Amino acid sequence: MSILRFEIRSQIRTAAVWTAASALIISVFMLGVYPVFLESYSEIKNIIAGFPKEFAEVFGLEMDMLFSFEGFYGFGSFYVFVFGAAAAASLAVSVFAREKRAKCIDFIFTKPISRRNIFALKLLSVVAVLAASNIVYVAVSMLIYSFNGRSDGRFFLAACTLFFTQLMFLSAGVLAAVYMKRVRSVSGTAAAIAFGAFLLSALSSILEDVYPDYFYAPLKYFDPIKLFLNGSFGAKYVFCAIAIIASCLAASFFRYTKSDAKSA
Amino acid sequence: MNIIRRELKTNLKPFAFWTAGLFILTFVGMTKYLGVGAEGVDLNAISDRFPRVILAFIGMADADTRTLSGFYAVIAYFAAICVSLYSLSLGFNAVSREAADKTYEFLFTKPRKRRDILSAKLGAAVILITLFNLLNCVFPLAAASALGFREDISREVLLFYAAAYLVSMLFFSISVLLSVLAREAEQGARRANLVFVFAFVMGVVCDTLENPGALRLLSPLRYFATSELLSGRLSPSYAALCILLTVATGALAIRLFERKDLTAA
């Protein structure tokens, strides 16, 4: 229990800042940018009307989606995801590499508590912090949504996408923290993970014409726009996400409980 | 010399990682260039109607993506972000690698002045930044010729390259100074990253306003405005400001480092 308390306490301030920032980003998008965006819609509709008919039909639907509150929320979510990915990874790295960074692994491993329990408690603490942060985020999203007087039951799920995405990056962060020989900088490692994921998403938006599947771009697995268009994220991506989380955590658990406790 | 060689060697792996990132960004980005609407559909007509704030977010304000040079400007914006992030990481690693590894006694008890050690490390980092920026110049040119674009963008590539080089050196110095000032190694890295996020947000704000005025001073990513670069002009006053700030923060960092209380944290 004291591990849980210690880790949560050590993360709570940073997590509060991350939470406030992600709530701020989505509020700026939905309350500040969206109204301006909507104003330009009628002109864009006119342009689409001038396109060849088949194209205009398909493309018009896409644009209708982007200009709807839900669609724009999905667009803004991507930026929150990149940011949230960094937050989740940094949370995991800082908790799981704490002893490695301070060169005091022997301190915690000689305590009368099994390594499995240490791992489990650390994991529990980061998931708890992440969940608390997302409760705030979902609440803010739902509040903005209700201001707009819209009601779509799927919106709640769409607001939870940040949590699902962050769980993947949390596991990736745990994996990095446990397997890296040295963790010099928490924010550096987290920034590298998030930037890499961002590049993969950029890659996928370019390759989508030739190769429609985007298994290599985890930031797009839980795309709110997909949810509103098709009613689901796509079972294969949900499965993929679960597989990523499970395999990262299993590999880390194995390593954490079995590796030599090197202090140097 | 030993220090420079060692620094270059340890930084080799991250360098390869960042190079791969820049390569993907540039090559894959360039293949996306559509030119003037295929099949009679001009998608650019739509993005013209998007409000500036949206365009600012995706780096498309002031860039006419119908032309190859305008399209390249968008990629160059992301490349500048990539180059700057790499420079930041080199900055705080140069100052605090040994502190983070808790091996600083090994290095700083060697019969070399602290100033010389730090200068050698910074020298190695500058070499890497220069190399990385050169790649940022070579990749787009190679991509343009590999993809067989007829439009010549070598002038734009050179200008955007020069701008990214100046800006990344500035971010590098800032990161070095912040790491020297920080008590713990982690603090320096965190602050440097925060400065970058701030600069990015200010860049978006600048792009959203058509005449940012003095705000531009706060956003190094926009010191060299896209519209200016596209018209073939590298603002000499901002270039001077950039160099001045880089040298000043760098010199200050080296001086302060001589009196820094080195602790293993």
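Chain identifiers are assigned alphabetically (A, B, ...) following the order of the sequence lines, protein sequences preceding nucleic acid strands; residue numbering begins at 1 within each chain. Everything numeric here is computed off the predicted structure, so don't read it as measured data.
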Peer 1: Using the test salt bridge (Lys or Arg N to Asp or Glu O under 4.0 Å), find all partners of B:Arg191 that sit at least two apart in sequence or belong to another chain.
Peer 2: none
Peer 1: Output the residues of residues 16-28 of chain B for which the shortest heavy-atom distance to chain A is under 4.5 Å, in residue-number order; output 'none' if no such residue exists.
Peer 2: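 Heavy-atom contacts from residues 16-28 of chain B to chain A are B:Phe17, B:Trp18, B:Gly21, B:Ile24, B:Leu25, B:Val28.
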Peer 1: Please state whether the side chain, the backbone, both or neither of B:Leu88 comes within less than 4.5 Å of a heavy atom of chain A.
Peer 2: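 It is neither, since no heavy atom gets under 4.5 Å.
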Peer 1: Need one label for A:Phe195: side chain, backbone, both or neither, based on atoms under 4.5 Å from any heavy atom in chain B.
Peer 2: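 Answer is side chain: those atoms of A:Phe195 sit under 4.5 Å from chain B.
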Peer 1: Report which part of A:Ala190 has an atom under 4.5 Å of a heavy atom belonging to chain B: side chain, backbone, both, or neither.
Peer 2: neither
Peer 1: In Å and rounded to the nearest 0.5 Å, what is the OG to CG distance from A:Ser185 to B:Asn193?
Peer 2: 7.0 Å
Peer 1: Can you confirm whether more than 12 heavy atoms, excluding those of A:Phe215, are under 6.0 Å from its CZ atom?
Peer 2: yes
Peer 1: Is A:Tyr79 in contact with chain B via its backbone, its side chain, both, or neither, using a 4.5 Å heavy-atom distance?
Peer 2: side chain
Peer 1: Atom CZ of residue position A:Arg255 - does it have more than 12 heavy atoms of other residues, nucleotides or ligands inside 6.0 Å?
Peer 2: yes
Peer 1: According to side-chain contact (heavy atoms from CB on, under 4.5 Å), who are the partners of A:Arg184, at least two apart in sequence or on a separate chain?
Peer 2: A:Arg182, B:Asn93, B:Arg97, B:Ala100, B:Asp101
Peer 1: Is any residue of residues 25-36 of chain A within less than 4.5 Å of chain B by heavy atoms, and which ones?
Peer 2: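 The stretch touches chain B at A:Phe29, A:Val33, A:Val36.
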Peer 1: Under 4.5 Å heavy-atom distance to chain B, tell me which part of A:Phe78 shows up: side chain, backbone, both or neither.
Peer 2: neither
